[in-house]
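Just so it is clear: chains get the letters A, B, ... in the order the sequence lines come, proteins before strands, and each one is counted from 1. FYI, side chains are in, hydrogens and waters are out, and symmetry mates aren't considered; it's all heavy atoms of this structure.
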Amino acid sequence: MSALHRLHGFLALVVAVALLPVLFPDNYFVTVVGVTIGFNVMLAVALNLFIGFAGQISLGHAAFFGMGAYASAILTTRYGWSPWPAMGVGLVIVYVVALLISRPILKLKGHYLAMATLGFGIIVNIIMVEAVDWTGGPDGMSGIPGLELFGWAVDSDLRWYAVMAVVMLATVLLSLNIIDSRAGRALRAVHGSEVAAQTLGVDTARVKSQVFVLSACLASLAGSLFAHQQNFISPVSFNFFFSIEVVTMVVLGGLASTYGAVFGAIVLTLLPQVLVVFEDYEVLILGTILMSIMIFLPQGLFVGLVRGSTGLLRRLRPAAVATGD
Amino acid sequence: MLDQILQFLITGVTVGSTYALVGLGFAIIYNASGVVNFAQGEFVMIGAMSAVWLLAVGMPFPLALLGAVAITTCVGLALNKFAIEPARGATVITTIIITIGAAIFLRGAALLLWGKDIFALPHFSGEETLYFGSATLLPQNLWVMGVTAVLVIAVRWFFDRTLTGKAILACACNKDAARLMGINVGLMLLVSYGMSAFLGAVAGILVAPIAFTSYDAGIMLGLKGFSAAILGGMGSSMGAVAGGLLLGILESLGAGLISSGYKDAMAFTVVLLVLIMRPSGLFGRKAADRV
Amino acid sequence: MALLEVRELGKAFGGVAAIADLSFAVPEGSIYAVIGPNGAGKTTLFNMLSGVYVPSDGAIEFDGSSLAGLEPHQVATRGISRTFQNLQIFFNMSVLENVMVGCHQRARSGLYRAALRLPGVVREEQQIRAWALEALEFCGLAHLAERPADALPYGELKRVEIARALAADPRLLLMDEPAAGLNDTETAELRELIRRIGARGVTVLLVEHNMGLVMQVSDTVLVLDYGSKLAEGTTTEIQNDPRVIAAYLGGEVQYAVQ
């Protein structure tokens, strides 16, 4: 039953993503903002595996996003590599780095883990700013080539929309697959009670490390795509604030729900676009909205709204629900 | 070479004093409520910015400083009242996002009120260079170190010797037991937010003549203060002070001897290494899960 | 033959001995109870047996091989499963999922295979579900399988923990105060459940305060006092042991015998 349930939500998402550009052709919001949403959904869903399901904290995930982007940018512009192998090398680098730091760092808990990941993110960002010979420093790197898929150049907003739609949906499916599996339950068990999980045979250190690495690799992939899509990158896209932004997407949507992360990423990408009309008040309002949602809907927007609407339904149709139970 | 190091130490202790005060603020709130307040750095910014503003509207210098501290303390109290109290019982990560939201809000408010310019306060007592051996320092450096020392001792005395201080510590140990003993837990939380906002404001005002201030100056200071508190071991207030001083000195030595661009990276690397070797900080106690 | 053998076991916390020089053996297929006043070191003993604490002294042998140096998850794969005195339920999951985590070490597929949902994964998933349902059925919880764990009352959660531990298909089940907080009816049901677990061929090591329950289900009883063995024997021997009566049981034994 739960398998069917899962597919329903996913199919609805697929249909929505496919229909949007058809319903609104040549719409800036759909294609350009849609691609940004694609990156953010990828990052949020990936981070949600680590934060929402495994119950850990990372305030430095933008580092992995940036490492993927810079690996692609450096290898293609400075060494003339083609994008795909560059992306692969970025992935390998992030895999190795994430694996190396995961064991010592993931022994930490709560605020100590927050500090360690935050520190890691800041260190990586400083390197991006300071290693000018490699990264171009604060000015960033331009002239990053676009992507080509079997002779099909991804050279328009709509084509990028298509590519990001596929990659994003694949990430969502991946997350859904993991959650309802032996490995996914082990993850959630780490969140529920680490000791109990261990005494049931779950190697919790390994589980945490694995999901951290997977989440980092997905972020790296998103970063490489980002570099090729933007053709220009600079350190500000990968700083502490962006790490916090991705965490906020996860928490805002609702922890431990893949669709919550999707929803959070969409809301937080659209919000600044909408708030632009408030000009000087933009930052103030953004802060107020963040605080209010977390205070009044601590389980997140998605979970909060779903519970709220089912609660309303129940009140409206008490008889129907009673017989349905 | 030795003279140079002495010079770096003076700078390091000055910067470290600010980190120490911010870290102390983190530790006080964490001790009373278990919340890590990521808006702590904004207190520093608001203290400095409102002092600049009060001066600009014509208030005499000492009065402007007092007024700025009062404003910031009120902001701290309001933060507790309107953002922290309503979210009681929220998880670690939710409170992190709430306080980050509050930080963004305060930054937005500062941007609206005071714009994007960079400001400085006048030095408290002149800018005549003093000589300490072959190293130089400004009177303001002495102000920073001196006031920090006095505040640290006062905080220590407050928690060791006064009933209110003990009551706040009791809230940290066990909220329910504290309530049963007749301690007004809500009031104690309010006091701790007020205190840490006060400390932040003083830190901001003290360094504003040397380090300048702007609406977004609070972020890095907040992160450094958090690092100081973690380095010392969350919940150990004297640990936070030691952590802050250590961080300041490391940064200044790193900047002077190796590279100024990488100074923050070096500070954070040390924090990471310390955490890997001592997962609960330098002076923190190891927490054990009870099964 | 002894399934579990503990020799000269000791554990000290900062110089204070919680367990000292403790030796005993649990025969395969028996129900073995450990009793003793609060602070006698019973939970410390369980934490060492399940690998959560590292002993300061002595040795633990399970099925003829030492457990020294094993992590808790490695101990679990040897065939030791446990329940907890303070509930350690995964409140973020359904009852069925809780028990499915119990099957963890009976299955293989990892994170990456699951992410791609390879054919073997689906098959294994069905197998895990079947095992978990069987364990729930055995504990009389099948009708609650789809409920979120945080919606269940305390007494039923205690049984979920037992089902979860049984789903691991253990040879030795450690039960840490399973009757604590249960009412009389629930305790009677628990007594039957423990007997059926024993009849299933699972060796049970029981820590319990409820003397009635201990005396009714146990083959052997070990009395701990201040971390050391005070007495060991059959229920009758323990009830008549003057040291035990003097030190700890007193009137309660009379009550239990009636």
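- Using a 4.5 Å cut-off on side-chain heavy atoms (C-beta onward), C:Asn92 and A:Phe53 make no contact.
- Atom CZ of C:Arg123 is surrounded by 12 or fewer heavy atoms from other residues, nucleotides or ligands within 6.0 Å.
- Proximity to chain A (any heavy atom under 4.5 Å) is shown, for C:Glu71, by neither the backbone nor the side chain.
- The choice from A:Ala170, A:Ala205, A:Gly192 that makes the most heavy-atom pairs within less than 4.5 Å of chain C is A:Gly192.
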List the steps and the verdict of side-chain contact (heavy atoms from CB on, under 4.5 Å) for C:Glu97 and A:Asp180. CA-CA 9 Å; C:Glu97 285 174 324; A:Asp180 275 322; 3.8 Å; yes
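- The line from CD1 of A:Ile178 to CG of C:Leu111 is 4.5 Å long, rounded to the nearest 0.5 Å.
- Put simply, the side chain of C:Phe90 reaches to within 4.5 Å of the side chain of A:Leu200, judged on heavy atoms.
- Side-chain contact check for A:Val202 versus C:His73: every heavy-atom pair is 4.5 Å or farther apart.
- Heavy-atom neighbours of A:Arg206 CZ from other residues, nucleotides or ligands within 6.0 Å: at or below the threshold of 12.
- The CG atom of A:Asn177 sits 14.5 Å away from the OH atom of C:Tyr112 when rounded to the nearest 0.5 Å.
- Remark: A:Thr199 OG1 to C:Ile80 CD1 distance equals 11.0 Å, nearest 0.5 Å.
- Applying the 6.0 Å contact sphere to CD of C:Gln127 captures more than 12 heavy atoms from other residues, nucleotides or ligands.
- Atoms OG and CZ, from A:Ser193 and C:Phe84 in turn, are 6.0 Å apart once rounded to the nearest 0.5 Å.
- Residue contact with chain A, scored on non-hydrogen atoms closer than 4.5 Å, involves the backbone and the side chain of C:Arg108 alike.
- When all heavy atoms of C:Ala114 and A:Ser181 are compared, the closest pair comes out as CB-OG, 3.3 Å.
- Of the inter-residue distances, the one linking C:Gln74 atom CD with A:Asp203 atom CG reads 7.5 Å to the nearest 0.5 angstrom.
- When all heavy atoms are compared, the tightest approach of C:His104 to A:Ala186 is CE1-CB, 3.6 Å.
- Both the backbone and the side chain of C:Arg164 come within contact range of chain A, with heavy atoms under 4.5 Å apart.
- Neither the backbone nor the side chain of A:Ile179 comes within contact range of chain C; no heavy atom of the residue lies under 4.5 Å from a heavy atom of that chain.
- In terms of heavy-atom pairs under 4.5 Å with chain A, the best-connected choice from C:Gly102, C:Ala107, C:Gly51, C:Ala167 is C:Ala107.
- Proximity to chain A is absent for every atom of C:Val75, based on heavy atoms less than 4.5 angstrom apart.
- More than 12 heavy atoms of other residues, nucleotides or ligands shown are found within 6.0 angstrom of CZ on C:Phe91.
- Contacts with chain C were tallied for A:Arg182, A:Arg185, A:Gln198; A:Arg182 has the most, counting heavy-atom pairs under 4.5 Å.
- Contact of C:Glu161 with chain A is not made at all, since no heavy-atom distance falls under 4.5 Å.
- Using a 4.5 Å cut-off between heavy atoms, A:Ala256 makes no contact with chain C at all.
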